Amino acid sequence: EEAHAELRAVQYVAESALPAEAPRPIGMLSGGGMTCQLGYFPSGSPDVLSIVAALNDATTHMCQAENARDSLARFRAHMQKQVEGTGLRGKVGGGTFVVIEMPGNLGSAIAYNGCFCALSDQIGQKLLRPSELAGMLQAHLDEWAQNTPGRLAKDVRSSYIATQPAELLELLELFDDSARLYLCSQWPTADGTTIKP
């Protein structure tokens with residue numbers, strides 16, 4: 001019930017804030033340290049799917065691993081199994097899916113201590129096809145891997161530098177190319193403040 005309420009909140013806030021060309025209905029992709037939720041519309045009625053990502057566990061493991069790239073590869077394999085287990089790979093589409101909470105923060109220049117500042121310019125608050133978003137996330141991960149031959153650098157701005165983009169990248173496998181993704185974790189209100197749905 002909580003996830004359905006979250007979906008309704010996202011729809012309410014996004015209905016007036018999304019670009020006019022954003023296709024409807026409005027769905028949701030959210031995530032925290034353990035699980036991710038997909039709000040979508042099978043047969044036209046809303047439903048919510050939960051996936052156990054265990055992002056925080058994977059991030060802790062990567063911080064301690066002798067080879068951070070190998071640790072990330074194991075996390076991506078875990079995510080691929082989770083996505084496959086839904087039976088929905090490549091079957092979710094036909095609307096705009098607002099990405100909020102931790103994965104939505106990839107579109108913020110200031111979240112995660114500015115770790116994704118450059119990436120956010122490309123993906124934040126833009127309507128993107130899954131394939132477009134996947135390409136930008138993969139480019140970020142390729143650059144990170146090139147600069148991380150062994151352990152995760154101690155001076156990295158955020159320990160989520162690779163695990164958070166990798167999580168979203170694997171979740172994109174759920175969507176067909178009719179879907180649009182819109183990353184935004186904070187939404188403006190009429191009085192000039194922002195809210196998180």
Side-chain angles (χ1 to χ4, degrees), residues 1-55 75-76 78-108 111 119-120 122-138 163-190 194-197:
E1 183 57 39
E2 181 180 344
H4 281 86
E6 185 178 39
L7 174 58
R8 289 192 295 270
V10 167
Q11 290 175 315
Y12 177 79
V13 173
E15 186 61 49
S16 59
L18 280 173
E21 66 271 21
R24 269 56 173 177
I26 298 171
M28 172 195 78
L29 183 62
S30 69
M34 181 55 69
T35 62
C36 298
Q37 286 75 42
L38 171 69
Y40 68 121
F41 298 88
S43 305
S45 57
D47 200 0
V48 177
L49 171 75
S50 185
I51 293 175
V52 179
L55 175 68
F75 175 55
R76 291 188 66 171
H78 162 75
M79 287 299 303
Q80 289 161 10
K81 288 181 180 179
Q82 294 297 306
V83 169
E84 195 65 39
T86 67
L88 293 174
R89 180 185 293 273
K91 296 179 179 179
V92 179
T96 298
F97 293 83
V98 177
V99 186
I100 62 169
E101 293 187 342
M102 293 180 74
N105 278 332
L106 291 171
S108 167
L119 181 63
S120 69
Q122 300 174 297
I123 68 175
Q125 299 184 41
K126 293 177 172 62
L127 282 175
L128 298 169
R129 295 180 184 273
S131 56
E132 293 174 317
L133 179 53
M136 290 180 247
L137 293 172
Q138 187 60 61
T163 50
Q164 185 63 82
E167 178 192 68
L168 181 54
L169 180 59
E170 298 303 339
L171 290 171
L172 291 178
E173 290 295 315
L174 291 164
F175 299 98
D176 67 30
D177 223 36
S178 73
R180 296 293 181 271
L181 285 297
Y182 190 86
L183 277 72
C184 186
S185 57
Q186 296 193 42
W187 297 78
T189 64
T194 58
I195 59 172
K196 291 184 178 183

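Numbers for residues simply follow the sequence, beginning at 1. On a predicted model such as this, the values are computed, not experimentally measured, just so you know. Computed from heavy atoms alone, side chains included, the values below leave out hydrogens, waters and symmetry copies.
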Next on the checklist: As an exercise, state the distance from SG of Cys184 to CD1 of Ile123, rounded to the nearest 0.5 Å.
Outcome noted: 11.5 Å
Checklist entry - For the side chain to side chain contact (heavy atoms under 4.5 Å, CB included) test, which of Cys36, Pro103, Pro130 pairs with Leu171? => result Cys36
Next on the checklist: Using the rule given for side-chain contact (heavy atoms from CB on, under 4.5 Å), can you reason through Leu38 versus Ile51, listing the C-alpha separation, both sets of side-chain angles and the distance that settles it, and then say yes or no?
Outcome noted: CA-CA 8 Å; Leu38 171 69; Ile51 293 175; 5.9 Å; no
Checklist entry - So do Leu183 and Leu168 actually touch side chain to side chain, heavy atoms under 4.5 Å? => result yes
Item to check | From CA spacing to verdict: side-chain contact (heavy atoms from CB on, under 4.5 Å), Leu137, Leu172 | outcome: CA-CA 10 Å; Leu137 293 172; Leu172 291 178; 3.9 Å; yes
Checklist outcome for this item: Between Ala53 and Glu167 the two heavy atoms that sit nearest each other are CB-OE2, 3.2 Å
Next on the checklist: Going by salt bridge (charged side-chain N to carboxylate O under 4.0 Å, His left out), name the pairs with one or both residues in residues 36-50, residues two or more places apart or in two chains.
Outcome noted: none
Next on the checklist: Please determine whether side-chain contact (heavy atoms from CB on, under 4.5 Å) holds for the pair Leu174 and Tyr40, giving the CA-CA distance in whole Å, both sets of side-chain angles, and the decisive distance to 0.1 Å.
Outcome noted: CA-CA 11 Å; Leu174 291 164; Tyr40 68 121; over 6 Å; no
Checklist outcome for this item: dist Glu170:CD -> His78:NE2 (nearest 0.5 Å) comes out at 10.5 Å
Checklist entry - So, for Asp176 and Gly93, which heavy atoms are closest and what is the spacing to 0.1 Å? => result OD1-CA, 3.5 Å
Next on the checklist: So, taking the atom named CD in Gln164 and the one named CG in Leu119, what distance separates them when rounded to the nearest 0.5 Å?
Outcome noted: 11.0 Å
Next on the checklist: Rounded to the nearest 0.5 Å, what separates atom CE in Met136 from atom OG in Ser120?
Outcome noted: 12.0 Å
Under 3.5 Å, which donor-acceptor pairs link side chains of residues 18-30 to any protein atom two or more places apart or in another chain?
| residue | atom | partner | partner atom | Å |
| --- | --- | --- | --- | --- |
| Arg24 | NE | Glu15 | OE2 | 3.3 |
| Arg24 | NH1 | Ala22 | O | 2.7 |
| Arg24 | NH2 | Glu15 | O | 3.1 |
| Arg24 | NH2 | Glu15 | OE2 | 3.0 |
| Ser30 | OG | Glu6 | OE1 | 3.2 |
| Ser30 | OG | Gln37 | OE1 | 3.4 |

Checklist entry - Are Tyr182 and Lys126 close enough that some pair of their side-chain heavy atoms sits under 4.5 Å apart? => result no
Next on the checklist: Among Leu128, Val99, Leu169, exactly one meets side chain to side chain contact (heavy atoms under 4.5 Å, CB included) together with Leu133. Which residue is that?
Outcome noted: Leu128
Item to check | Spacing of Leu55 atom CG and Met79 atom CE [to the nearest 0.5 Å] | outcome: 8.5 Å
Item to check | Closest non-hydrogen atom pair, Phe41 against Gln11 | outcome: CZ-NE2, 3.1 Å
Checklist entry - Would a 4.5 Å heavy-atom cut-off, applied to side chains only, mark Arg129 and Phe175 as touching? => result no
Item to check | Closest non-hydrogen atom pair, Val92 against Ala179 | outcome: O-CB, 4.1 Å
Checklist outcome for this item: One should read off an interatomic distance between Glu84 CD and Arg89 CZ, to the nearest 0.5 angstrom, of 4.5 Å
Next on the checklist: Using side-chain heavy atoms (C-beta onward) and a distance below 4.5 Å, is Glu173 in contact with Gln80?
Outcome noted: no
